[in-house]
**Student:** 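Before anything else, here's the structure in question.
To find a chain, count down the sequence lines: A is the first, B the second, and so on, and within it residues start at 1.
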Number of protein chains: 2
Amino acid sequence: MGNKTKASITDMLRASNLSITDTRVKILELFMDSNGALEHSSFEKLAGHSFDRVTVYRTLQTFLDKGIIHSIPTTDTSIRYALCKSDCSEHDHHDHHIHFKCEECGNTICLDDTNIPEIHLPKGYAAHNIDVVVSGVCKQCK
Amino acid sequence: MGNKTKASITDMLRASNLSITDTRVKILELFMDSNGALEHSSFEKLAGHSFDRVTVYRTLQTFLDKGIIHSIPTTDTSIRYALCKSDCSEHDHHDHHIHFKCEECGNTICLDDTNIPEIHLPKGYAAHNIDVVVSGVCKQCK
DNA sequence: CACATTTATGCAACATTGATGCATAAATAT
DNA sequence: ATATTTATGCATCAATGTTGCATAAATGTG
Ligand SMILES: [Mn+2]
Ligand SMILES: [Mn+2]
Ligand SMILES: [Zn+2]
Ligand SMILES: [Zn+2]
């Protein structure tokens, strides 16, 4: 990680009115260094025991609340998280894009440039959010 | 539940080469009586302590393997399950449809007649399955 | 129907995941 | 430099999920 990215991390935190702490900086670094979504247990694996499990839960929740990260639905127990690339904020998540989960490598990535299609719901249903998770084989694994 | 449905439950189990047990019949009854997806804890709530937690886990896994039920991704920890309506089998799940989660009542339902749209993935990605979960307000709640 | 064989269940024990209260440490503002 | 605010770590607990093994129930055969 270069200093440049480190500077932008502190900027991100400040922009969300969050104080700059080691844990928050480290977790954001891990997100930036990763090319896919991370789940809770990833942080223990990647960062060792440098911070407490509870702190990780609280940090992820804070980042979610502030619109710094978003969660990705799964059919296993673990929730995955990834950085929001557009400028989401506390009450305005608008980083809408589809997700791809590779069955080979297990990696989940954000497809930022793939359009979310229109869904025609039956009468009476109002859509607020659409989650699309495509599973298959990714570019690297095929 | 009428006897008719009860008969069809035993037929379902036999068609999947599963022995007819109280737990399996009861869990299938609960699925049929429910108008939405069920999560693990639902069974304890609906059926009391009539069977062991472990048995529920194993039964749901068996039903998944056999294509009797399918799982629905969520961003909370609980996985939800619903009956496959088309005739899925052990190695051929083809009950593809989108899911709707109501933010008011919390219910998750299968929209069997709503088409899954085409997704145009970037080059190099092969799609095997598409999960679409729309959240918003359902017909009853609006 | 009785019996042998196969399979599912229940229980105990354990592992993992997540939440909360509270004292202390760290970050920020003055 | 210090006061105030906020985040962290630890202890504890709750919920969720897994595994091994003995027993109970279901199925197939005579
Ligand atoms: Mn994403
Ligand atoms: Mn469904
Ligand atoms: Zn891959
Ligand atoms: Zn509703």
**Student:** Could you pull out the closest heavy-atom pair between A/C102 and A/C138, with the gap in Å?
**Tutor:** SG-N, 3.5 Å

**Student:** Of all the nucleotides listed (D/dT8, C/dT9, D/dA7), which has the minimum atom distance to the side chain of A/R24?
**Tutor:**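 The nucleotide sitting nearest to the side chain is D/dA7.
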
**Student:** Does B/D76 CG have over 12 foreign heavy atoms under 6.0 Å away?
**Tutor:** yes

**Student:** So that I know where these two stand, are A/H70 and A/H99 an aromatic pair - ring centroids less than 6.0 Å apart?
**Tutor:**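 Close enough - the centres of the two rings lie under 6.0 Å apart.
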
**Student:** Estimate the overall bend of the helix from C/dC1-D/dG30 to C/dT30-D/dA1 from the end axes over five pairs each, rounded to 10 degrees.
**Tutor:** 40°

**Student:** Taking atom C1' of D/dG9 as reference, at what distance in whole Å does atom OH of A/Y57 sit?
**Tutor:**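 Rounded to whole Å, this separation is 15 Å.
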
**Student:** Please state how far atom CZ in B/R53 lies from atom C1' in C/dA15, giving the value in whole angstrom units.
**Tutor:** 12 Å

**Student:** For the residue pair B/N107 and B/I109, establish whether any side-chain heavy-atom pair is separated by less than 4.5 Å.
**Tutor:** yes

**Student:** Rounded to the nearest Å, what distance is computed from the CG atom of residue A/L13 to the P atom of nucleotide D/dT6?
**Tutor:**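 Answer to the nearest Å: 16 Å.
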
**Student:** Are side-chain N/O atoms of A/R24 and A/T62 paired as donor and acceptor at under 3.5 Å?
**Tutor:** no

**Student:** Under the rule for side-chain contact (heavy atoms from CB on, under 4.5 Å), what residues qualify as partners of B/D52, not counting sequence neighbours?
**Tutor:** B/V54, B/T55

**Student:** What is the distance, to the nearest angstrom, from the NE2 atom on A/H49 to the C1' atom on D/dC10?
**Tutor:**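 So the two atoms are 15 Å apart, to the nearest Å.
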
**Student:** Could you state the atom-to-atom distance from NE2 of B/H40 to P of C/dG18 in whole Å?
**Tutor:**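 Answer to the nearest Å: 16 Å.
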
**Student:** Could you note down all residue pairs passing ring-ring contact (aromatic ring centres under 6.0 Å, His included) where residues 26-47 of chain A supplies at least one of them, sequence neighbours left out?
**Tutor:** A/F31-A/F43, A/H40-A/Y57

**Student:** Rounded to whole angstrom units, what separation is found between the CG atom of A/D76 and the P atom of C/dT17?
**Tutor:** 10 Å

**Student:** Base, sugar-phosphate, or nothing for A/T23, non-hydrogen atoms under 4.0 angstrom?
**Tutor:**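 Touches sugar-phosphate only.
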
**Student:** Taking atom C1' of D/dT8 as reference, at what distance in whole Å does atom CD1 of A/I27 sit?
**Tutor:**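 Spelled out: CD1 on A/I27 to C1' on D/dT8 is 12 Å.
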
**Student:** Could you check B/T59 against B/T77 and say which one's nearest nucleotide on DNA chain C is further toward the 5' end?
**Tutor:** B/T59

**Student:** In whole angstroms, how far is the C1' atom of D/dT16 from the CD1 atom of A/I79?
**Tutor:** 13 Å

**Student:** Applying side chain to side chain donor-acceptor pair (under 3.5 Å), which residue pairs with at least one partner in residues 115-130 of chain B are found, sequence neighbours left out?
**Tutor:** A/E103-B/H128

**Student:** Would you tabulate the pairs of protein nitrogen or oxygen atoms and nucleotide nitrogen or oxygen atoms of nucleotides 21-30 of chain C closer than 3.5 angstrom?
**Tutor:**
| unit_1 | atom_1 | unit_2 | atom_2 | d |
| --- | --- | --- | --- | --- |
| C/dT28 | OP1 | A/I20 | N | 2.7 |

**Student:** Name all residues meeting the side-chain contact (heavy atoms from CB on, under 4.5 Å) criterion together with B/D65; count only those two or more places apart in sequence or in a different chain, and write none if there are none.
**Tutor:** B/Q61

